[in-house]
2 protein chains.
Amino acid sequence: MNRKDPAALHEECCAITRALTQIGDWWSLMIVREAMLGTRRFSDFQQALGIARNILCNRLNRLVDAGVLNRVETDEAGRRPEYRLTEKGRDLFVALTALRQWGDKWILTDRPPLALRDRHSGRPVRPVQVLDADGEPLSLHQVMIDEDEAVNARLP
Amino acid sequence: MNRKDPAALHEECCAITRALTQIGDWWSLMIVREAMLGTRRFSDFQQALGIARNILCNRLNRLVDAGVLNRVETDEAGRRPEYRLTEKGRDLFVALTALRQWGDKWILTDRPPLALRDRHSGRPVRPVQVLDADGEPLSLHQVMIDEDEAVNARLP
DNA sequence: GCAGATGGTTTCAATTTGAAACCATGGACG
DNA sequence: CGTCCATGGTTTCAAATTGAAACCATCTGC
């Protein structure tokens with residue numbers, strides 16, 4: 001599997017590989033994170049992230065091509081376009097929240113954990129978990145990849 | 001925030017940023033994914049991923065330094081070391097599962113979804129969600145970052 | 001019309017990557 | 001013992017990617 005060969009990657013059937021190909025580099029993920037905080041404009045991304053402008057431009061285009069962001073031409077002052085999360089982009093919320101919680105638990109060990117709250121009730125959100133059909137949490141070793149589908153789809 | 005400045009990044013209090021700094025590049029995440037499938041040896045990672053050997057070596061060392069993998073000197077044939085997931089590494093299971101499900105849902109739209117099953121019951125696992133204190137799913141806009149903590153910790 | 005803000009592109013040096021060659025160690029086998 | 005081969009690295013060097021800065025284009029406000 002060659003990371004730089006688009007055709008080969010497009011044949012790749014591991015969902016993680018495919019996902020990482022679309023959004024799995026530092027800046028793309030940081031941009032999505034920033035977008036989830038409400039940032040929409042080129043210069044706002046640039047200042048918030050401290051990213052080089054050519055790289056920002058490149059990543060925004062990639063994310064638009066991937067359908068994660070939408071480039072919206074606003075009619076407002078200056079005709080500045082906005083970059084807004086699509087449904088697909090918003091759906092990364094779960095993965096990024098899991099990542100945030102992982103970082104809180106394993107890296108920022110000396111700080112107050114879990115500042116994420118339900119806006120409505122004000123109560124903290126639960127740690128994200130993988131649950132079985134009954135809602136019981138599953139660990140890595142309790143999960144398997146379906147044999148048939150795995151073979152058919154050349155997983156992992 | 002300069003991505004290449006270790007000191008500055010170490011001050012960074014966004015858990016996502018910190019997490020991405022430790023494991024947020026293509027190969028590191030692919031290696032962790034591969035390790036979750038049971039791969040442990042240098043050459044097995046190399047063949048499974050098609051990664052250059054020097055890069056693999058570099059990433060394995062980084063992951064060991066980050067405490068995501070453990071380098072275990074085995075007594076077996078050839079004294080070949082093994083790289084095994086630590087508790088911290090296994091804990092990435094949730095985030096990677098969320099990413100896999102995202103890829104299944106939004107990229108591999110033409111294929112059978114969700115090959116992940118509970119090994120015990122054989123039933124498919126649920127889609128990972130962010131849940132409130134009562135176990136109700138929360139979307140991006142229903143979640144907020146706690147004001148006080150955000151200010152104290154200079155979040156996001 | 002002119003200055004400033006904003007969104008982008010170009011340019012070029014510095015860093016990172018990847019392929020291949022090289023090295024070192026530990027069996028296996030004759 | 002000596003040779004071969006597998007494995008886990010390291011080194012080397014060309015090619016790709018990144019990042020800082022300069023440049024360009026459009027729109028606003030004055």
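Computation of the quantities below employed the complete heavy-atom set of this structure, encompassing side-chain atoms and omitting hydrogens, waters and symmetry-equivalent molecules. What you are looking at is a predicted structure, and each value in this text was computed from that prediction instead of being measured. Residue numbering restarts at 1 for every chain, and letters A, B, ... go by the order of the sequence lines.
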Spacing between [X] atom [atom1] and [N] atom [atom2], to the nearest angstrom:
{"X": "A/Trp27", "N": "D/dG19", "atom1": "CH2", "atom2": "P", "answer": "6 Å"}
{"X": "B/Arg80", "N": "C/dG27", "atom1": "CZ", "atom2": "C1'", "answer": "9 Å"}
{"X": "A/Ile51", "N": "C/dG8", "atom1": "CD1", "atom2": "P", "answer": "13 Å"}
{"X": "A/Glu73", "N": "D/dC27", "atom1": "CD", "atom2": "C1'", "answer": "13 Å"}
{"X": "A/Leu56", "N": "D/dA20", "atom1": "CG", "atom2": "P", "answer": "13 Å"}
{"X": "A/Ile31", "N": "C/dG7", "atom1": "CD1", "atom2": "P", "answer": "14 Å"}
{"X": "A/Leu60", "N": "C/dG8", "atom1": "CG", "atom2": "P", "answer": "7 Å"}
{"X": "A/Arg40", "N": "C/dT6", "atom1": "CZ", "atom2": "P", "answer": "17 Å"}

ask   = Reading nucleotides 10-17 of chain D from the 5' end, what letters show protein touch, with B for base, S for backbone sugar-phosphate only, - for no heavy atom under 4.0 Å?
value = SBB-----
According to side-chain hydrogen bond (donor to acceptor under 3.5 Å, both in side chains), who are the partners of [X], at least two apart in sequence or on a separate chain?
{"X": "B/Ser121", "answer": "B/Asp118"}
{"X": "B/Arg53", "answer": "none"}
{"X": "B/Gln22", "answer": "B/Lys88"}
{"X": "B/Asp132", "answer": "none"}

ask   = Side chains of B/Glu34 and B/Thr39: do they bring a donor and an acceptor to under 3.5 Å?
value =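 The criterion, which ignores hydrogens and geometry beyond distance, is satisfied for B/Thr39 and B/Glu34.
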Sugar-phosphate only, base, or nothing, as touched by B/Trp26 at under 4.0 Å among non-hydrogen atoms =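 Since no nucleic acid heavy atom lies under 4.0 Å of B/Trp26, the category is nothing.
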request  = May I ask you to say what B/Tyr83 touches in the nucleic acid, namely base, sugar-phosphate or nothing, with a heavy-atom cut-off under 4.0 Å?
outcome  =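 Here B/Tyr83 touches the backbone only, sparing every base.
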ask   = Linking Ile, Leu, Val, Met, Phe, Trp and Tyr through side-chain heavy atoms less than 4.5 Å apart, which residues share a cluster with A/Leu131?
value =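 Listed partners: B/Leu131.
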Cluster companions of B/Val72 among Ile, Leu, Val, Met, Phe, Trp, Tyr (side-chain spacing under 4.5 Å) =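 Result for B/Val72 is none, singleton.
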Got a list of side-chain donor-acceptor pairs under 3.5 Å for residues 137-144 of chain A, not counting sequence neighbours?
unit_1   : atom_1 : unit_2   : atom_2 : d
A/Ser139 : OG     : A/Gln142 : OE1    : 3.4
A/Gln142 : OE1    : A/Ser139 : N      : 2.8

ask   = Quick one: bend of the helix from C/dG1-D/dC30 to C/dG30-D/dC1 from 5 pairs per end, to 10°?
value =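 Helix axis angle between the two ends: 10°.
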request  = Taking only the side-chain nitrogens and oxygens of A/Arg3, find out if one of them lies under 4.0 Å from OP1 or OP2 of C/dG18.
outcome  =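 For A/Arg3, the contact criterion (side-chain N or O under 4.0 Å from OP1 or OP2 of C/dG18) is met.
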request  = Respond yes when some side-chain nitrogen or oxygen of B/Ser43 is under 4.0 Å from OP1 or OP2 of D/dG8, and no when none is.
outcome  =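 Result: yes.
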ask   = Just by distance, do the side chain of A/Asn58 and the backbone of A/Asn54 share a donor-acceptor pair under 3.5 Å?
value =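 Here the side-chain-to-backbone pair does not exist.
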